[in-house]
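Accompanying notes for the structure given below.
Every number for a ligand or one of its atoms is a count from 1 in the order of the listing. Reckoned from all heavy atoms, side chains included, excluding hydrogens, waters and symmetry mates.
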Amino acid sequence: MKIDVLTCFPEMIDPVIHESMVKRAREKGLVDIQVHDLRDFSKDKHRKTDDYPFGGGDGMVMTPQPLYDGIRTLLRNAPKDAHSRVLFPTPDGVMFTQPLSEALAKEEHLIFVCGHYKGIDQRIRDMLITDEISIGDYVLTSGELSSLVIMDAVIRLIPGVLNEINSALSDSFSKPLLDCPWYSRPEIFEGIAIPEVLMSGHHANIDTWREEERIRKTKERRPDMWKAYQDKGDDKNG
Ligand code: ADE
């Protein structure tokens, strides 16, 4: 997969893509991430990328010209025959979910457009953005952080990125319940022992315990998910 990131703050993206899972995915050649400074596309003599909103109001809006030239350049340089998706993370987008992450992981080319201030000129959204995505009902100051969140969730789903495909499959949200608690060595830490069943070697009992814990946590923390899970069961049972 090729990922292009168009941003006024390349230095916010660089440290993250040079560490951990994303770094390994790049080293394995499974993802190629290119970070582009939006200011390099500005025709303004001061490399400006924002201006005051027409009609008044607080804050600045990112102007269309650098975005138009930047996105079109990245589309022109897309991998051959790739279908490109141009993503704009924004609090007024559709909610980012695991199914959307799974769909994006199947694409060959993603372009992230990082917005700031009040956002970007609506004409760019209408003309060039294919997906407007929110990562939650709160407002961040920068699209760089939300782009990184989406990138992480997508890249880990590309086949070959995680050693253990099972660990991705058993995550919360890959199944419709939250994940169960997990423990590692030592068996007793600060006087607190792990649940006995995990030491029993009885795999069926361990599976049952894990399922019960997932149900307990989901009921407690996400009544909406628990209801959807029950409704789905009802559908299956006719
Ligand atoms: N940019 C600022 N806030 C955001 C959010 N909640 N989701 C996606 N992008 C954002």
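- Annotation for ligand 1: atoms under 4.0 Å from non-hydrogen atoms of Pro89 are 8 (C), 9 (N).
- For ligand 1, one of its N or O atoms has an N or O atom of Thr90 under 3.5 Å away.
- Residue Ser146 touches ligand 1 through its side chain alone, judged by heavy-atom distances below 4.0 Å.
- Taking CE of Met127 as the reference point, atom CD of Gln122 lies at 10.0 Å (rounded to 0.5 Å).
- Distance check: Ile133 CD1 to Met95 CE gives 11.5 Å after rounding to the nearest 0.5 Å.
- Atom 6 (N) of ligand 1 has its closest protein heavy atom at Tyr138 O, 2.7 Å.
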Using the side chain to side chain contact (heavy atoms under 4.5 Å, CB included) rule, take Leu110 and Asp4 through it: C-alpha gap first, then chi angles, then the decisive distance, then the call. CA-CA 6 Å; Leu110 303 179; Asp4 286 302; over 6 Å; no

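- Using a distance-only test at 3.5 Å, with no hydrogens or angles considered, a donor-acceptor pair links the side chain of Lys28 to the main chain of Gly160.
- Of the charged side-chain nitrogens involved, none lies within less than 4.0 Å of a carboxylate oxygen, so that Arg210 and Glu213 do not count as a salt-bridged pair.
- Close N/O approach between Ser142 and ligand 1 is not found [any backbone or side-chain N/O within under 3.5 Å].
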Where do Glu107 and His83 land on the side-chain hydrogen bond (donor to acceptor under 3.5 Å, both in side chains) test, with the steps shown first? CA-CA 7 Å; Glu107 299 288 353; His83 163 254; 3.2 Å; yes

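- Closest protein heavy atom to atom 7 (N) of ligand 1: Ile135 N, 2.9 Å.
- With respect to atom 2 (C) of ligand 1, the closest heavy atom belonging to the protein is Leu140 O, 3.2 Å.
- Distances between N or O atoms of Gly143 and those of ligand 1 include no value under 3.5 Å.
- Nearest protein neighbour of atom 4 (C) of ligand 1, counting heavy atoms only, is Pro91 CD, 3.6 Å.
- Near Ser134, with a cut-off below 4.0 Å to any heavy atom, the atoms of ligand 1 are 6 (N), 7 (N), 8 (C).
- A cation-pi arrangement is present between Arg39 and Phe9 under the rule of less than 6.0 angstrom and at most 45 degrees off the ring axis.
- The closest approach between any non-hydrogen atom of Ile133 and ligand 1 is below 4.0 Å.
- Polar contact with ligand 1: absent for Val139 (N/O pair, distance under 3.5 Å).
- Under the 4.0 Å criterion applied to side-chain N and carboxylate O atoms, Lys43 and Asp69 are assigned as salt-bridge partners.
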